[in-house]
Amino acid sequence: MRQPVQTLLEHTRGGRGGVLLLGGATPADLAAVAEPQYRLDGFRVLRAAGFLAEAALAFAALADLVRPLGKDGSADGSEFDVVAGGPHRLGVAAGELVARAAAEGPVLALIADAHWLDPESAAAIAVAVRVTQRHQAPVAWLLAVDDVRRSPFGTLGAVTVPLPRRATPAAELPTATRRALLVLAASATGHVDEVGGALERLGLHVGDLAPAVAEGVLEATGSGWRFRDHGVATTVYGAATPAERRATHAAFVEAIFQLRSAEKGEILARHLAGAATTTDPAAAEALGRAADGARLRGALEAARSAYGRAASLSPDSAARARWLAGAADTSRLLGDLAGVGRAIREARILTDDPAVHQRLDRIAARTSAVRTVQPDIKSLLEPGSPATTIGLIGAGSAAEAEAMVGPLVSAALLADPLDMGPLTLPAIAAGAMWTGDGGGAAAVLDRSIALVRAYGAGEYLPALLIVRAEAGFRLGHWPTARDDAEEAAALASKLGQQPLRAVARGLALRVSSLMGAPTEPASALEAESLGAEAYAMWSRHAIGTAHLAHGRWREAATALAGVADGLERLGVREPSVLPVAGDLVEAALRIGELARARKTAHRAQELAAGSTSTVARAVAERCLGQVGEARSAKSCFEAALRLHAETGDRYEEARTLLVYARMDGDRARLEAAADRFAALGAWPWLARVEAELAGGAKPVDDTLAVLTAQELRVARLAAGGATNDEAAAALGISPRTVEQHLGVVYAKLHIRRRAELARLFPDL
């Protein structure tokens with residue numbers, strides 16, 4: 001940490017400033033920056049920190065950061081005290097204060113535990129960083145988070161430095177502690193009663209675990225101990241000799257009868273198996289029953305181990321096949337594809353029982369469901385009502401599907417996720433989301449994800465995380481949505497779920513690009529679609545969204561038009577499934593493709609009429625306002641904003657505010673859009689609004705001061721020779737709106753033709 005911090009301070013001392021993002025740095029690490037070796041002489045230090053207890057207090061950390069600026073110097077903090085509004089306005093005010101303080105000498109701003117910042121402070125501090133960078137102020141921002149991948153600040157041009165975590169190898173611990181660690185690794189529960197009894201019979205004591213706790217290998221719980229890293233437990237157990245492991249399990253068997261636990265039978269079976277040296281029918285049967293119980297509790301690792309050990313201890317081939325089927329299904333839930341294959345192959349050889357073979361067939365089908373490319377996503381779903389619901393929604397019958405979704409959500413909230421196929425619960429949650437039941441979708445997703453995490457059922461996580469990422473994106477929880485999508489992509493890749501990886505990667509790119517991350521090559525993302533158009537839609541949509549966020553209008557229009565055409569070919573009529581209309585209209589207007597923009601707007605209106613999505617109807621109204629047809633643009637935008645007010649989708653609302661403000665030059669709407677973009681972390685869109693806020697307040701001369709910002713833009717383009725269509729494309733509005741603006745301009749300026757406008761813009 002020391003070298004990058006010193007480099008940043010030297011840059012700032014030289015008048016350049018910068019941002020450093022430290023992953024894994026603690027508050028103590030930041031406090032150490034005040035030590036003499038960092039040479040802070042001449043620096044003014046500002047401090048703030050995130051606290052879990054204050055995460056719900058809006059702007060708490062931002063207030064801590066700027067409070068010292070009100071004590072002395074020219075930065076008196078008075079304007080910050082009176083500023084009201086959202087994170088953008090407060091962030092601008094805070095940034096101006098910090099920049100003003102930096103004019104008198106370099107400033108170091110330390111933000112500790114930034115991952116616990118309240119969301120409003122995080123968004124506002126990100127804006128403040130951008131303000132100081134625009135001023136080229138000598139401000140060193142040092143931001144500490146638990147993991148650089150989970151920064152709440154979006155892209156700030158920061159240098160990221162993940163700090164390595166120190167780990168103490170078990171081999172460096174005392175001999176008695178290493179022996180005690182083997183006992184804990186062999187334990188079924190880690191409970192002090194179970195572990196303590198075994199330790200006593202081996203001549204050890206619970207105090208022998210204390211050095212491992214002190215060195216961070218273990219952590220004490222309310223009832224015993226657990227390894228901080230499960231991999232260490234596996235290593236410790238695997239490094240022991242077979243004789244050491246058998247002796248350890250035998251010590252547990254001797255101590256186990258003193259336990260008064262509901263899981264006593266399962267614990268005893270585990271240690272009986274561990275102590276066995278040959279086949280043992282009684283131990284195998286006890287272990288198989290214990291595995292069934294562990295599977296019902298969701299203790300999947302324990303269940304898989306118990307099923308496998310039961311099979312190895314059983315001399316009967318039919319019983320072995322039954323236990324191997326259990327091991328195969330449990331391996332499937334854990335995402336162990338090789339384990340599934342081995343267990344199924346061995347079980348098929350051992351028995352001719354039709355019931356066992358049918359079970360093995362079902363396990364194999366569920367294993368391949370999320371790994372096989374299908375012509376459309378609906379074919380991935382198991383037969384039944386969730387698939388029917390998705391089919392109705394995709395076909396544009398959302399109202400009919402809505403009646404089915406409620407009972408499905410209720411059933412999903414009571415069901416064990418492991419009793420269903422890997423895509424059934426995600427399908428139910430997606431159906432709820434697409435029919436407007438965001439609360440039901442969130443409840444199903446949060447409960448299911450919590451359960452499968454507790455179970456360790458990795459097989460089920462990618463699809464659930466994908467749907468939760470999409471829901472989070474729509475609700476404006478972008479950093480969390482990005483994290484869910486990236487985790488889903490990584491898990492799907494590890495588990496061999498390539499179709500789901502393609503969808504997750506597309507979703508992750510869409511969110512991260514809207515937060516300012518660089519766009520990935522289109523060819524790389526397209527290659528992951530595996531040749532199936534149902535998956536390619538997600539990649540193309542992400543690519544189009546990324547191009548739009550970064551102002552590459554023609555590339556955006558091409559990619560988004562491909563999405564719209566692909567959805568038509570797939571027969572997807574529900575606009576909520578993959579929202580594309582609002583982006584395509586914007587991109588088409590920017591490059592002057594007015595016919596495509598009008599066609600897309602009318603199609604959006606047609607599809608929204610059959611949807612239950614309020615957001616889809618709001619976006620359709622905005623699209624109609626942008627192309628200036630059906631009703632007056634103003635009435636369309638007003639209708640869109642009324643609909644947005646009923647939803648939690650702040651991104652689309654901000655987009656509507658922006659295009660409405662462009663039409664009538666209302667600065668308050670531009671500022672409202674800026675606040676929403678800042679709160680979301682939509683930095684490319686925020687930069688565009690900030691440029692318009694800065695440019696809209698500078699008329700050329702007093703004669704033009706009577707014009708609104710949008711009228712001034714239209715007048716300037718017209719004076720430069722642009723046609724109505726060209727001006728409309730440049731401003732993202734309709735030619736009819738340009739014509740209306742020109743009529744108002746002529747009336748205000750008392751002129752009649754474009755040639756007279758040119759004389760008022762001598763710089764053109």
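Closest of all the heavy-atom pairs between Ala99 and Thr132 is N-CG2, 4.2 Å. The two residues Ala559 and Arg540 have their closest heavy-atom pair at CB-O, 3.9 Å. Between Cys636 and Leu624, the closest heavy-atom pair is SG-CB, 3.9 Å. Taking every heavy atom of both residues into account, Pro138 and Gly15 meet most closely at CB-CA, 3.9 Å. Residues Val405 and Ala432 come closest through the heavy atom pair CG1-CA, 3.6 Å. Of all heavy-atom pairs spanning Ala101 and Val107, the tightest one is C-CG2, 4.1 Å.
You'll find the side chain of Pro119 stays beyond 4.5 Å of the side chain of His477, heavy atoms only. Contact annotation: the side chain of Cys623 never approaches that of Val627 to less than 4.5 Å [non-hydrogen atoms, C-beta and beyond]. Annotation: side chain of Arg655 is in contact with side chain of Trp685 (closest heavy-atom distance under 4.5 Å). Under the 4.5 Å side-chain criterion, counting only non-hydrogen atoms from C-beta, Asn724 is in contact with Leu742. Side-chain atoms of Leu584 and Arg596, non-hydrogen and from C-beta on, do get closer than 4.5 Å to each other. The shortest distance between side-chain heavy atoms of Pro735 and Leu594 falls below 4.5 Å. At least one side-chain heavy atom of Leu641 sits less than 4.5 Å from a side-chain heavy atom of Thr656. Residues Val615 and Val619 form a side-chain contact, since some pair of their non-hydrogen atoms from C-beta on lies under 4.5 Å apart.
Glu692 has no carboxylate O lying under 4.0 Å from a charged side-chain N of Arg688, or vice versa, which leaves the two without a salt bridge. Between Glu470 and Arg474, at least one side-chain N (NZ, or NE/NH1/NH2) sits under 4.0 Å from a carboxylate O, which counts as a salt bridge. Salt bridge annotation for Lys634-Glu638: absent, with no cationic side-chain nitrogen under 4.0 angstrom from a carboxylate oxygen.
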* To do: Starting from the C-alpha separation in whole Å, work towards a yes-or-no answer on salt bridge (charged side-chain N to carboxylate O under 4.0 Å, His left out) for Glu690 and Arg130.
  => CA-CA 11 Å; Glu690 288 175 335; Arg130 291 159 55 86; 3.3 Å; yes
* Evaluate the side chain to side chain contact (heavy atoms under 4.5 Å, CB included) criterion for residues Glu671 and Arg667: first the C-alpha distance (whole Å), next the side-chain angles of each, then the deciding distance (0.1 Å), finally the verdict. => CA-CA 6 Å; Glu671 290 178 342; Arg667 187 178 181 86; 3.6 Å; yes
* To do: Take Leu46 and Val66, measure what side chain to side chain contact (heavy atoms under 4.5 Å, CB included) needs, and give me the verdict at the end.
  => CA-CA 7 Å; Leu46 304 176; Val66 299; over 6 Å; no
* Give the C-alpha distance, both sets of side-chain angles, the deciding distance and a yes or no for salt bridge (charged side-chain N to carboxylate O under 4.0 Å, His left out) between Glu653 and Arg650. => CA-CA 5 Å; Glu653 182 185 34; Arg650 299 285 78 89; 2.6 Å; yes
* Intermediate values then yes/no, side chain to side chain contact (heavy atoms under 4.5 Å, CB included), Tyr660 and Asp666 -> CA-CA 8 Å; Tyr660 193 3; Asp666 189 322; over 6 Å; no
* Asked: Where do Gln133 and Val19 land on the side chain to side chain contact (heavy atoms under 4.5 Å, CB included) test, with the steps shown first?
  -> CA-CA 9 Å; Gln133 289 175 325; Val19 189; 3.4 Å; yes
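To the nearest 0.5 Å, atom CD1 of residue Ile111 and atom CG of residue Leu62 are 8.5 Å apart. Annotation: the span from Glu586 atom CD to Gln626 atom CD amounts to 5.5 Å, rounded to 0.5 Å. Going from atom CD of Glu96 over to atom NE2 of His135 covers 3.5 Å, rounded to the nearest 0.5 Å. For the atom pair CG (Leu21) and CH2 (Trp141), the distance works out to 13.0 Å, reported to the nearest 0.5 Å. Trp683 CH2 to Ser513 OG: the interatomic distance, rounded to the nearest 0.5 Å, is 15.0 Å. Atom CG of Leu686 and atom CG of Leu693 lie 9.0 Å apart (nearest 0.5 Å).
Asp675 places a side-chain N or O within donor-acceptor distance of the main-chain N or O of His88, the cut-off being under 3.5 Å. Looking only at distances, no side-chain donor or acceptor of Arg622 sits under 3.5 Å from a matching main-chain atom of Ala618. In terms of modelled atom types and a separation under 3.5 Å, the side chain of His550 and the main chain of Thr545 share no donor-acceptor contact.
For Ala557, the side-chain contact (heavy atoms from CB on, under 4.5 Å) test picks out Ala587, Ile591, with sequence neighbours left out. Scored by the ring-ring contact (aromatic ring centres under 6.0 Å, His included) test, Phe473 finds Trp478 as partners (sequence neighbours excluded). In this structure Glu555 satisfies the side-chain contact (heavy atoms from CB on, under 4.5 Å) test together with His547, Arg552, sequence neighbours excluded. Remark: Leu607 pairs with Arg573, Pro575, Arg603 by the side-chain contact (heavy atoms from CB on, under 4.5 Å) rule, at least two apart or across chains. Partners of Thr614 according to the side-chain contact (heavy atoms from CB on, under 4.5 Å) rule, which considers only residues two or more places apart in sequence or in another chain, are Arg617, Leu643, Glu646, Thr647. For Arg468, the side chain to side chain donor-acceptor pair (under 3.5 Å) partners at least two apart in sequence or on another chain are Asp446, Asp484.
In this structure, a donor-acceptor pair under 3.5 Å is present between the side chains of Asp118 and Ser121.
For CZ of Arg554, the number of neighbouring non-hydrogen atoms (other residues, nucleotides, ligands) closer than 6.0 Å is 12 at most. By the 6.0 Å contact criterion, CD on Glu739 is open, its count of non-hydrogen atoms from other residues, nucleotides or ligands being 12 or less.
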